[in-house]
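Have a look at the structure below before the remarks.
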Amino acid sequence: MITTDVLIVGAGPVGLFQVFELGLLGLNAHVVDSAPQPGGQCTELYPDKPIYDIPAIPVCGARELIERLREQIQPFAPVYHFNETVVRVEPNGARFIATTASGAVFDAGAVVIAGGLGAFAPRKLPLEDAALLEGNAVLYKVPNATEFKGQDIVVSGGGDSALDWAIELCATAASVVLVHRTSSFRAAPATVAKMRQACDDGRLQFLEGEIVGLEHVGQALTVVRVSARSGLVRRIDASRLLVFWGLHPALGPIATWGLTLDKNQVVVDTATFQTSIDGIYAVGDINTYPGKRKLILSGFHEATLAAFAIKSRSTDGAKVALQYTTTSPALHRRLGVAVDVADDA
Ligand code: FAD
């Protein structure tokens with residue numbers, strides 16, 4: 001059981017900034033995200049796109065914004081839990097017990113849902129046999145790389161995950177074939193160069209085409225069928241298929257937590273960003289209220305008011321004094337800077 005002042009569900013830009021606003025008021029936070037890294041849509045959907053509407057930053061890339069946010073909140077030492085989906089949140093007196101799909105349990109004074117469009121889940125291979133073999137021969141993440149030693153592996157995808165794993169596994173696997181529908185890749189140029197070098201060295205093969213079928217004996221995969229653009233279908237011997245087609249969001253478990261929803265969005269009070277359940281708050285793209293705009297900037301404002309409401313609730317409704325960051329004892333203590341004001345955090 002992990003005890004925390006606040007559990008933040010979602011490490012998108014708004015969930016990350018929530019850590020900062022809570023920290024200023026002396027509240028600590030654990031942040032859970034089903035994705036393997038922070039950033040939500042910024043990282044998953046448009047890492048290299050420029051953003052022009054963050055105040056005082058005329059332009060910055062989405063990935064860079066997430067890096068800056070992480071740096072900004074670091075003084076408050078958030079604890080991250082990636083690759084974890086919060087599946088249940090239940091009141092326990094004035095506190096909450098939250099459980100993840102892998103069985104981690106949190107005891108939190110308040111819960112902030114910063115779930116954006118929902119939990120990111122891997123895009124799956126749309127073949128009946130793939131569903132049958134999922135978790136054994138067909139995998140969407142690599143829990144333990146050593147189990148691929150001496151195996152014949154097909155890796156599918158054109159992004160960083162697919163290329164990184166193809167390069168990594170060809171050192172120990174019997175064979176690795178990378179399959180992608182085109183010969184242009186989304187991965188970083190340095191990774192693409194490494195992949196091409198591995199192909200030139202004969203350690204890795206690249207095949208342009210689409211996976212159209214799987215052959216198997218019971219749960220054991222034997223062949224991956226790949227259709228080339230010409231229509232020619234090749235049969236590749238394989239005992240494991242790794243699919244890295246990116247992630248897509250789905251509201252998922254949040255819909256079952258008993259919150260008032262409007263068109264799959266969580267209804268909130270705009271003074272506090274509290275949901276229909278006392279002690280559970282919702283900020284960022286996941287919430288709805290009159291005039292809502294799904295912008296990072298709006299989420300930052302929402303996180304600020306939610307933090308004040310959470311602090312007030314944690315002190316039996318006491319009024320929370322406004323403190324500028326220049327004189328915030330909580331922030332200066334974390335930064336190791338002396339400040340000559342009373343510490344009421
Ligand atoms: P998200 O970024 O969606 O993050 C939510 C996180 O919660 C995800 O990582 C998800 O995995 C996690 N999560 C959800 N449910 C669970 C669960 N049960 N357990 C664990 N984790 C969970 N906005 C701007 O202001 N400026 C722009 O220029 C801009 N450009 C955009 C361009 C594109 C192409 C798109 C798609 C959006 C753009 N936006 C822009 C919108 C902006 O990205 C969103 O407003 C912002 O990402 C919302 O942040 P968030 O933290 O609320 O949610």
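Below, each value reflects all heavy atoms present in this structure, side chains not excepted, and no hydrogens, waters or symmetry copies. Whatever order the structure lists ligands and atoms in, that order sets their numbers, starting from 1. What you are looking at is a predicted structure, and each value in this text was computed from that prediction instead of being measured.
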Applying a 4.0 Å heavy-atom criterion (strictly less than), which segment of Pro13 is in contact with ligand 1: side chain, backbone, both, or neither? both
Result for salt bridge (Lys or Arg N to Asp or Glu O under 4.0 Å) between Glu208 and one of Arg181, Arg229, Arg234 points to Arg229
One pair to check against side chain to side chain contact (heavy atoms under 4.5 Å, CB included): Val6 and Val112. What are the steps and the verdict? CA-CA 7 Å; Val6 182; Val112 178; 3.8 Å; yes
Identify every side-chain donor-acceptor pair in residues 274-282 under 3.5 Å, counting partners at least two apart or on other chains, and give the distances.
unit_1 : atom_1 : unit_2 : atom_2 : d
Gln274 : OE1    : Gly279 : N      : 3.1
Gln274 : OE1    : Tyr281 : OH     : 3.2
Thr275 : OG1    : Ile277 : N      : 3.1
Thr275 : OG1    : Ile277 : O      : 3.3
Thr275 : OG1    : Ile280 : O      : 2.8
Ser276 : OG     : Thr260 : N      : 2.9
Ser276 : OG     : Thr260 : OG1    : 3.2
Asp278 : OD1    : Arg313 : NE     : 3.2

Out of Ile254, Val14, Ile54, who gets a non-hydrogen atom closest to atom 50 (P) of ligand 1? Val14
For atom 37 (C) of ligand 1, which of the options Tyr46, Phe82, Phe300 provides the nearest non-hydrogen atom? Tyr46
Between Gln41 and ligand 1, which part of the residue brings a heavy atom under 4.0 Å of the ligand: side chain, backbone, both or neither? both
At under 4.0 Å between heavy atoms, is it the side chain or the backbone of Asp53 that contacts ligand 1, or both, or neither? side chain
Just distances here: any N/O of Asp285 and N/O of ligand 1 closer than 3.5 Å? yes
Donor-acceptor contacts, no H, no angles, side chain residues 184-199, under 3.5 Å, sequence neighbours left out:
unit_1 : atom_1 : unit_2 : atom_2 : d
Ser184 : OG     : Thr182 : OG1    : 3.2
Gln197 : NE2    : Asp201 : OD1    : 3.0

Would you say ligand 1 has an N or O under 3.5 Å from any N or O of Trp257? no
Tell me, please: is Glu44 in heavy-atom contact with ligand 1, that is, under 4.0 Å? no
CG (Asp285) and OG (Ser298) are apart, to the nearest 0.5 Å, by 8.5 Å
